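Since we're looking at a predicted model, the values are computed, not measured. Side chains included, hydrogens not; waters and symmetry mates left out as well; all remaining heavy atoms used. Proteins get letters first, then strands, A, B, ... in listed order; numbering begins at 1 in each.
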There are 2 protein chains.
Amino acid sequence: MRRVTVSAQDVADLAGVSRAAVSRTFTPGASVSAETRAKVHAAADRLGYHVNHLARGLIRSETGLVALIASEINTPYRAKLLAALTMRLQEAGKVALLINTDRSDDSVEQALRRAISYRTDAAVVLSGMPPLSLAETCLQYGMRLVLINRDELRPGSLRISLDEQGAGRQAFSVLVAAGCRRLALATSKAGTPSLTGREAGFLAAARDAGLQPVVEARGLTNYQTGLDIGTNLMTRTDRPDGIFCTTDQIACGVLDAVRHRFNVEVPRQLSLIGFDDIAQAEWESYNLTTFRQPVEEIADEAVRWLATDAQNPVGTVCPHAKLIWRGTVRQGGKPA
Amino acid sequence: MRRVTVSAQDVADLAGVSRAAVSRTFTPGASVSAETRAKVHAAADRLGYHVNHLARGLIRSETGLVALIASEINTPYRAKLLAALTMRLQEAGKVALLINTDRSDDSVEQALRRAISYRTDAAVVLSGMPPLSLAETCLQYGMRLVLINRDELRPGSLRISLDEQGAGRQAFSVLVAAGCRRLALATSKAGTPSLTGREAGFLAAARDAGLQPVVEARGLTNYQTGLDIGTNLMTRTDRPDGIFCTTDQIACGVLDAVRHRFNVEVPRQLSLIGFDDIAQAEWESYNLTTFRQPVEEIADEAVRWLATDAQNPVGTVCPHAKLIWRGTVRQGGKPA
DNA sequence: CTGAAAGCGCTTACAG
DNA sequence: CTGAAAGCGCTTACAG
């Protein structure tokens with residue numbers, strides 16, 4: 001089939017006006033008489049005309065495109081964040097270019113290059129870290145960079161990072177306040193900034209208190225890992241009575257292992273805290289006490305900066321991960 | 001900050017070649033001498049040059065952009081499908097424009113208009129249905145349309161739809177073979193093509209067998225709905241002993257209600273089948289027998305057609321939803 | 001308010 | 001293999 005594309009010129013011809021008039025009609029705020037506008041709209045509708053944003057993006061300094069760079073997008077937490085981000089972006093009149101990566105920095109670099117190729121107004125990085133030189137190329141092309149839960153910063157970029165360490169510390173205090181004495185940390189081997197932050201905070205607080213939790217770090221950041229860790233932990237002679245899981249998925253796995261394979265009662269015999277507050281954390285089988293990722297707030301912060309004229313971001317902004325009390329921590333942990 | 005964008009001309013100047021030579025260097029298959037190519041690459045790297053795909057898209061008949069139009073993208077099944085789709089798309093050298101919609105047809109129309117504005121090579125619709133006239137506009141702009149699990153067809157579009165009715169019928173036979181006598185259907189009020197197909201198949205098979213299942217249809221397609229339905233069903237004097245849930249999320253809700261609120265044993269006292277095979281279906285707390293959505297196959301089919309020169313799609317292709325046997329259906333249901 | 005003209009960054013016949 | 005030139009569809013000063 002031949003591509004029979006209709007251009008502003010076609011609309012102008014049909015409406016009996018100039019190409020410029022057509023352009024102005026579709027540019028909010030441009031000065032066109034009501035009459036001209038009406039003629040143009042009529043012609044455009046009849047022809048099925050849609051402004052070519054590619055051509056527009058060639059001229060204006062904005063394309064309306066924003067790249068979202070992330071790995072494992074079908075993971076509950078990622079999907080939630082992505083949903084919030086795409087929503088906010090659309091409300092701001094932008095559209096999301098979703099670029100999948102694996103966990104390697106190399107694939108992040110490829111993703112960012114694609115973003116540059118399409119001259120996206122910004123790139124939001126949820127996974128991996130772009131090399132410094134490429135970040136500078138982005139800057140040079142006028143792109144804005146938003147780094148979510150990354151540990152480093154890049155010049156001219158906005159970094160949105162939770163206080164992971166603080167959350168890890170809080171997890172420790174809560175478990176101790178709940179009467180737990182034999183603590184454990186359940187995490188994966190992924191070593192992402194978010195995870196290591198939570199781990200570090202938990203361990204540091206324990207050290208300060210003169211305690212040394214059992215650390216189980218294995219596999220990928222998923223349910224299966226939780227299952228493995230739970231099984232391992234319960235096989236020990238000194239079973240822990242308080243576990244901080246760096247992720248809800250891991251927590252769900254630990255919970256299932258502990259309950260179904262060892263008949264341990266939660267929270268009577270074991271208290272457990274997760275992180276993320278994925279949808280399943282609220283499901284009755286888990287009813288997990290966990291830290292809520294402030295995804296809406298993260299998305300808001302990101303899009304707010306993109307929608308602003310301010311060239312220089314504030315540097316780092318830290319939304320708060322709030323502890324959501326549900327049923328996996330024994331009474332006593334919760335303050336009055 | 002001024003946008004200091006580097007163009008092919010800049011690279012050409014630095015490399016001492018023509019603009020056309022630069023263009024050819026970045027066009028796979030174009031004829032350039034090794035020497036020229038090397039000079040161009042050197043200059044491009046030094047300048048941080050990236051071909052402007054917007055400008056390229058203006059000239060070529062392809063932009064490399066494909067729109068993914070979907071609602072509720074943070075739902076386990078949707079996220080899974082979206083992940084598969086974006087992956088395949090990238091492997092085929094395309095990049096996904098993710099456009100969020102609510103369930104209304106109007107928002108699908110808006111989404112499709114955005115896709116047209118960016119001259120995407122194709123639009124993959126996972127939610128809602130584009131009006132016929134707009135579908136024709138897409139065709140006119142040379143866009144391809146892929147409709148996933150939609151009930152209608154659009155001219156020139158590819159439709160990928162499971163045999164929902166067949167699955168519904170199979171669910172019925174399996175429950176009956178497992179010895180269930182009082183059947184129920186648990187579904188939402190969403191009324192999407194997938195859901196109504198499953199419902200219709202199940203009910204038709206029951207009718208053929210002279211049975212009349214209890215039908216519980218309420219709320220949105222989510223966990224909470226399952227919880228409500230499970231509670232309602234167990235409050236009846238004639239509790240069902242076999243339930244087909246049109247979605248895994250609903251099934252998980254039903255399971256939790258039934259077990260935790262009524263102490264019903266699954267599958268001893270009640271058999272239950274879901275649909276989708278979301279990650280949680282495999283979690284030990286659920287261990288749900290369910291139909292697996294062939295997401296990889298769906299993504300393959302979609303991308304295969306997009307990557308092809310064939311203008312006319314086959315019409316409808318029907319990947320098979322396979323029943324995954326796990327622990328929520330009593331022995332007897334499963335064939336040897 | 002309106003139109004003619006220049007220009008955004010590219011690709012692609014067309015000659016050589 | 002290579003370059004000069006035309007053109008993709010738009011927007012935006014610039015005059016009027």
Side-chain angles (χ1 to χ4, degrees), chain A residues 2-41 43-44 47-65 116-121 140-142, chain B residues 2-41 43-44 47-65 116-121 140-142:
Chain A
R2 282 275 294 105
R3 191 175 185 128
V4 193
T5 185
V6 16
S7 75
Q9 187 63 66
D10 300 323
V11 177
D13 291 347
L14 180 60
V17 299
S18 72
R19 202 154 87 241
V22 176
S23 175
R24 289 192 188 101
T25 298
F26 292 102
T27 301
S31 67
V32 221
S33 69
E35 195 192 356
T36 303
R37 179 182 297 276
K39 282 192 292 189
V40 170
H41 269 132
L47 263 27
Y49 173 70
H50 288 75
V51 174
N52 186 331
H53 276 65
L54 264 32
R56 176 178 276 182
L58 215 48
I59 304 201
R60 298 232 255 246
S61 59
E62 293 185 335
T63 57
L65 260 18
I116 296 176
S117 293
Y118 284 100
R119 300 299 189 266
T120 60
D121 297 334
Q140 161 190 340
Y141 276 100
Chain B
R2 282 275 294 107
R3 190 174 186 128
V4 193
T5 185
V6 16
S7 74
Q9 187 63 65
D10 300 322
V11 177
D13 291 347
L14 180 61
V17 299
S18 72
R19 202 155 85 242
V22 176
S23 174
R24 289 191 187 99
T25 299
F26 292 103
T27 300
S31 68
V32 220
S33 69
E35 195 193 355
T36 303
R37 178 182 298 276
K39 280 192 293 189
V40 170
H41 269 132
L47 262 27
Y49 173 69
H50 288 74
V51 175
N52 187 331
H53 277 63
L54 264 32
R56 175 178 275 182
L58 214 48
I59 304 200
R60 298 232 254 245
S61 59
E62 293 185 336
T63 57
L65 259 20
I116 297 176
S117 292
Y118 284 100
R119 300 298 188 265
T120 60
D121 297 335
Q140 161 190 338
Y141 276 100

- Would you mind listing every side chain to side chain donor-acceptor pair (under 3.5 Å) that reaches into residues 49-59 of chain B, with sequence neighbours excluded? A/Arg113-B/His50
- Which of residues 20-34 of chain B have a heavy atom under 4.0 Å from DNA chain C? B/Ala20, B/Ser23, B/Arg24
- Query: Just by distance, do the side chain of B/Arg119 and the backbone of B/Ile116 share a donor-acceptor pair under 3.5 Å?
  - Reply: yes
- Task: Taking all heavy atoms of A/Leu58 and all of B/Ala55, pick out the closest pair and write down the distance.
- Result: CD1-CB, 3.7 Å
- Note on the structure: Walking DNA chain D from its 5' end, the first of B/Arg37 and B/Leu58 to be reached, judged by nearest nucleotide, is B/Arg37
- Considering heavy-atom distances to DNA chain D, does B/Gly16 or A/Arg19 have its closest nucleotide positioned more toward the 5' end? B/Gly16
- May I ask you to decide if B/Leu47's main-chain N or O and A/Gln140's side chain share a donor-acceptor pair within less than 3.5 Å? yes
- Task: Taking the side chain as every heavy atom from C-beta outward, state whether B/Arg24 and B/Val17 have any pair of such atoms under 4.5 Å apart.
- Result: no
- Span of DNA chain C in contact with chain B (heavy atoms, under 4.0 Å): C/dG9 to C/dA13
- Note on the structure: All heavy atoms of B/Val6 vs all of B/Gly48, minimum pair found to be CG1-O, 4.3 Å
- Item | Close side-chain approach of A/Lys39 and A/Thr25, heavy atoms under 4.5 Å | no
- Query: If pairing requires Watson-Crick or G-U wobble contacts with both distances under 3.5 Å, which nucleotide is the partner of D/dC1?
  - Reply: C/dG16
- Task: Answer yes or no: is there a donor N or O on one side and an acceptor on the other, between the side chain of A/Tyr118 and the main chain of A/Thr63, under 3.5 Å?
- Result: no
